[in-house]
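So the structure is just underneath, and the comments pick up after that.
On a predicted model such as this, the values are computed, not experimentally measured, just so you know. Read the numbers this way: they start at 1 and go in the same order the structure lists the ligands and their atoms.
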Amino acid sequence: MANEVYNKLLKCYGCFKEKVNFKPGVALVLGSGLGDYADGIEVVAELDYHDIEGFPVSTVPGHQGKYIFGYVGKVPVVCMKGRVHYYEGYNISDVVLPVRLMKLMGAEVLFLTNAAGGINTDFRAGDFMLIKDHIANFVPSPLIGENIDELGVRFPDMGNVYDKELRQVIKRTAALAGIQLQEGVYIQLTGPNYETPAEIRMCRTLGADAVGMSTACEAVAANHMGMKICGISCISNMAAGITANPLTHKEVQDTADRVAPLFKQLVTECIKNIYADKIE
Ligand code: HPA
């Protein structure tokens, strides 16, 4: 039986091949605060999500999304400007389709970024956290359903999702740049509501340091396909119950915007060093 999820992915790949002639080495998912990251890179092509047949586009009116192809230094990258979230109502297989497509484009390394709430009380809003592992059990696995053997095995190992060598490169890069970097476990919840204080205590008991509504499902799908993955969270706020303030999307955005220049610098230098270490 033809696999619907795989057929849709191949159709999207066909659209990409028709419209863009570019092979990325690194795939970058731009989270809050990094939205305009691509303005600073040498852009060679763009592909609007609306121009890819079957591609999940945001249901929010006026919400733009596109792939941007270009160079960070000498590194060929594809950037996802705008991602879809599970809370928007998509199937989880659609949520991870854009990341799967970037692997088909040729990207071997996936660099994930996001804004997240700080659970670890040693963290402060504005910190960056290198993701060393994740907890994804509160969202459905994107691998549920008939396995797509062309992408990966039925029961993939998840012992080194956030590649140890990439993490070393990122730590070295941050240290050299004098940018403080926390390290911890990211937990993905569905959202869209923020958590209650009791839920955050649960997350802490489970071993999570930061909480968000994306990323882990994308990492599961990419790991299934054999990509090398790394991720950095911008701690945009302390999670519910840690401070007395109610959480707002504005606080998340304001913090992400405030630290965006430093975040961009970190990501740029990491990409250059990852490429130097891993691909050349
Ligand atoms: N909770 C969940 N997701 C988030 C948060 C949070 O506190 N901050 C940014 N994304």
Per-atom filter on ligand 1: closer than 4.0 angstrom to a heavy atom of M213 are 2 (C), 3 (N)
Review point. Salt bridge check: are K8 and D94 linked by an N-O gap of less than 4.0 Å?
Key: yes
Salt-bridge present (D48, K66; N to O < 4.0 Å): no
Next item on the list: State whether K264 and D36 are salt-bridged, where the test is any N-O pair (Lys NZ or Arg NE/NH1/NH2 against Asp/Glu carboxylate O) under 4.0 Å.
Entry: yes
Point to revise | Heteroatom distance test (N237, ligand 1): nitrogen or oxygen, under 3.5 angstrom | key: yes
| said: Between E218 and R83 (salt bridge meaning N to carboxylate O under 4.0 Å), is one present in this structure? | reply: yes
protein heavy-atom neighbour closest to atom 3 (N) of ligand 1 works out as G212 CA, 3.4 Å
If you define the side chain from C-beta out and look only at heavy atoms, does anything of P98 sit under 4.5 Å from P56? yes
Please verify the inter-ring angle class for F55 with Y67; under 30° counts as parallel, over 60° as perpendicular, anything in between as tilted. perpendicular
min-distance protein heavy atom vs atom 5 (C) of ligand 1 -> G117 N, 3.4 Å
among protein heavy atoms, the one nearest atom 4 (C) of ligand 1 is V211 O, 3.7 Å
Counting heavy atoms under 4.0 Å, the part of S32 that contacts ligand 1 is neither
To atom 10 (N) of ligand 1, the nearest of A115, G31, C234 on a heavy-atom basis is A115
A student checking ligand 1 against S236 at a 4.0 Å heavy-atom cut-off should list atoms 8 (N), 9 (C)
Here the atoms of ligand 1 under 4.0 Å from any heavy atom belonging to E195 are 1 (N), 2 (C), 6 (C), 7 (O)
Less than 4.0 angstrom from a charged side-chain N to a carboxylate O is my criterion; do K81 and E46 meet it?
no
So for L247 against ligand 1, with non-hydrogen atoms under 4.0 Å, the contacting part is side chain
